[in-house]
Protein chains: 2
Amino acid sequence: MNERSSKSLSGSLAFGSEHNHSLCIEEALDHAKRVCEEGGERFTNLRRQVFELVWAEHKPVKAYDLLSALASKRSGVAPATVYRTLDFLQAQGLVHRLESLNAYLGCSHPETDHQGHFLICENCEEVRELELGAFMQSIAAVEDAQDFRVRRMTIELFGLCKRCQAANSGPDPTLP
Amino acid sequence: MNERSSKSLSGSLAFGSEHNHSLCIEEALDHAKRVCEEGGERFTNLRRQVFELVWAEHKPVKAYDLLSALASKRSGVAPATVYRTLDFLQAQGLVHRLESLNAYLGCSHPETDHQGHFLICENCEEVRELELGAFMQSIAAVEDAQDFRVRRMTIELFGLCKRCQAANSGPDPTLP
DNA sequence: TCACGTGATGTTATAATATAACAATATGTG
DNA sequence: CACATATTGTTATATTATAACATCACGTGA
């Protein structure tokens, strides 16, 4: 993949008050355009619109919510429109699907060839994307021990982010 | 069929020709009964039937396939019947849901309090359940590095099992 | 025993998620 | 421009899951 920078889209993971989300989206858009150009794919109007909607927040978005949002921006929007476009964006590595949530999320580490791995806060719904490195070693060990060759994976960790741990200190009432 | 193994459900992971699946199911049933008794829950006819159907193969089963199979054994079977029963079995830790497949699988490690983690062969569909241990350290490291407290997780690794790596040329002709 | 409360199951309806199949349109290339 | 192909529009339907309420079954205490 592109080696221009080894950094994530800048600021995309710093969701504090200083996070400049307009800039964040703009960078993501620039990146998407470049990825498509380099892959000989067209970053059409529809694809850009869906991409922008996915990036509107740093939270997973449901396909049918995208559908509604998209329908307010253009006509002739049907489920297939959204799913096809999401499929395209996923194929370009620009968007991930969260299997546990049936939802989609803009990729925060687009510079590296990777699969998404996620920390999902059960309280505030914020999702943080991890680099694969964290699990590399465990996965290698599992492959070795089990004679299994891993080709792709779904890793989604649910829990409490730092902020929500602070807010919910003490026993969590939602626990079983 | 009537020989007893002293090991919990350990035979269930040896899916070779020596795997005694009748015994495997029988053990799983015994275990399920015990879990329910100990938890003050009833292992009713319906629950037993669904449990047996989930255990019929060591492969993930779709809810609506269970529905059909169940409908051939009793009357008055509707989606809610199956989903409610699966929810119950999951709550007892007797069955896992595979998020990436929208499918369900009998738990192979019922003796330990755990969450399921899976190796899923893309060729033969066989699923192997892992113990959490394999990922413990990585998860602890992620929690530490990210200030995140993990409470539950979905870990599903897709690839090729040992047999299918060896056989590996094109799709398995015995598959549907 | 039997009425009662609760948990389990039956039943109907509908929500939420996703894909198939084909038609129409747009785009780049010769 | 004409053509081939990618993209999008359109209609229909498949798949997965839950809501809401009725009925049944089981254990408990009067």
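Annotation: side chain of Val150(A) is not in contact with side chain of Val142(A) (no heavy-atom distance under 4.5 Å). Two residues are said to be in side-chain contact when any heavy atoms from C-beta on lie closer than 4.5 Å; Trp55(B) and Leu29(B) fail this criterion. Proximity of Leu160(A) to Cys121(A): side-chain heavy atoms (C-beta onward) are separated by under 4.5 Å at one or more points. Using a 4.5 Å heavy-atom threshold, the side chains of Gln137(A) and Ser138(B) count as separate.
Under the side-chain contact (heavy atoms from CB on, under 4.5 Å) rule, Pro60(A) has a single partner from Val54(A), Asn102(A), Leu101(A), which is Leu101(A).
Proximity of residues 47-54 of chain A to DNA chain D (heavy atom under 4.0 angstrom from any strand atom) is restricted to Arg47(A).
Every residue two or more places apart in sequence or in another chain that forms a salt bridge (charged side-chain N to carboxylate O under 4.0 Å, His left out) with Arg152(A) is listed here: Glu122(B). Partners of Glu156(A) under the salt bridge (charged side-chain N to carboxylate O under 4.0 Å, His left out) rule, at least two apart in sequence or in another chain, do not exist in this structure. Contacts of Phe148(B) classified as ring-ring contact (aromatic ring centres under 6.0 Å, His included), with partners at least two apart in sequence or in another chain: none.
With rounding to whole Å, Glu99(A) atom CD is found 12 Å from dA17(D) atom P. The CZ atom of Phe43(A) sits 13 Å away from the P atom of dT7(D) (whole-angstrom rounding). Between the P atom of dT8(D) and the CG atom of Asn45(A) lies a distance of 9 Å, rounded to the nearest Å. When the C1' atom of dG10(C) is taken as reference, atom CG of Leu46(B) falls 10 Å away, rounded to whole Å. Atom CZ of Phe88(A) and atom P of dT5(D) are 19 Å apart (whole Å). dT10(D) atom C1' lies 14 Å from atom CZ of Arg74(A), rounded to whole Å.
OP1 and OP2 of dA6(D) both lie 4.0 Å or more from every side-chain N or O belonging to Arg84(A). Contact check, Thr44(B) against dT9(C): a side-chain N or O comes under 4.0 Å of OP1 or OP2.
With 3.5 Å as the limit, one finds a donor-acceptor pair spanning the side chains of Gln49(A) and Arg74(A).
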Might you list the N or O atoms of the protein lying below 3.5 Å from N or O atoms in nucleotides 16-20 of chain C, with each pair's distance?
unit_1  : atom_1 : unit_2   : atom_2 : d
dT17(C) : OP1    : Lys62(A) : NZ     : 2.6
dA18(C) : OP1    : Arg97(A) : NH1    : 2.7
dA18(C) : OP1    : Arg97(A) : NH2    : 2.7
dA18(C) : OP2    : Tyr83(A) : OH     : 3.0
dA18(C) : N7     : Tyr64(A) : OH     : 2.7
dA18(C) : N6     : Tyr64(A) : OH     : 3.4

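The number of heavy-atom neighbours closer than 6.0 Å to CZ of Arg47(B), taken from other residues, nucleotides and ligands shown, is above 12.
By the 4.0 Å N-to-carboxylate-O rule, Glu37(B) lies too far from Lys33(B) to be salt-bridged with it.
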> What string of B, S and - do you get for nucleotides 25-30 of chain C, 5' to 3', if B is base contact, S is sugar-phosphate-only contact and - is no contact with any protein heavy atom under 4.0 Å?
Replying inline: --S---
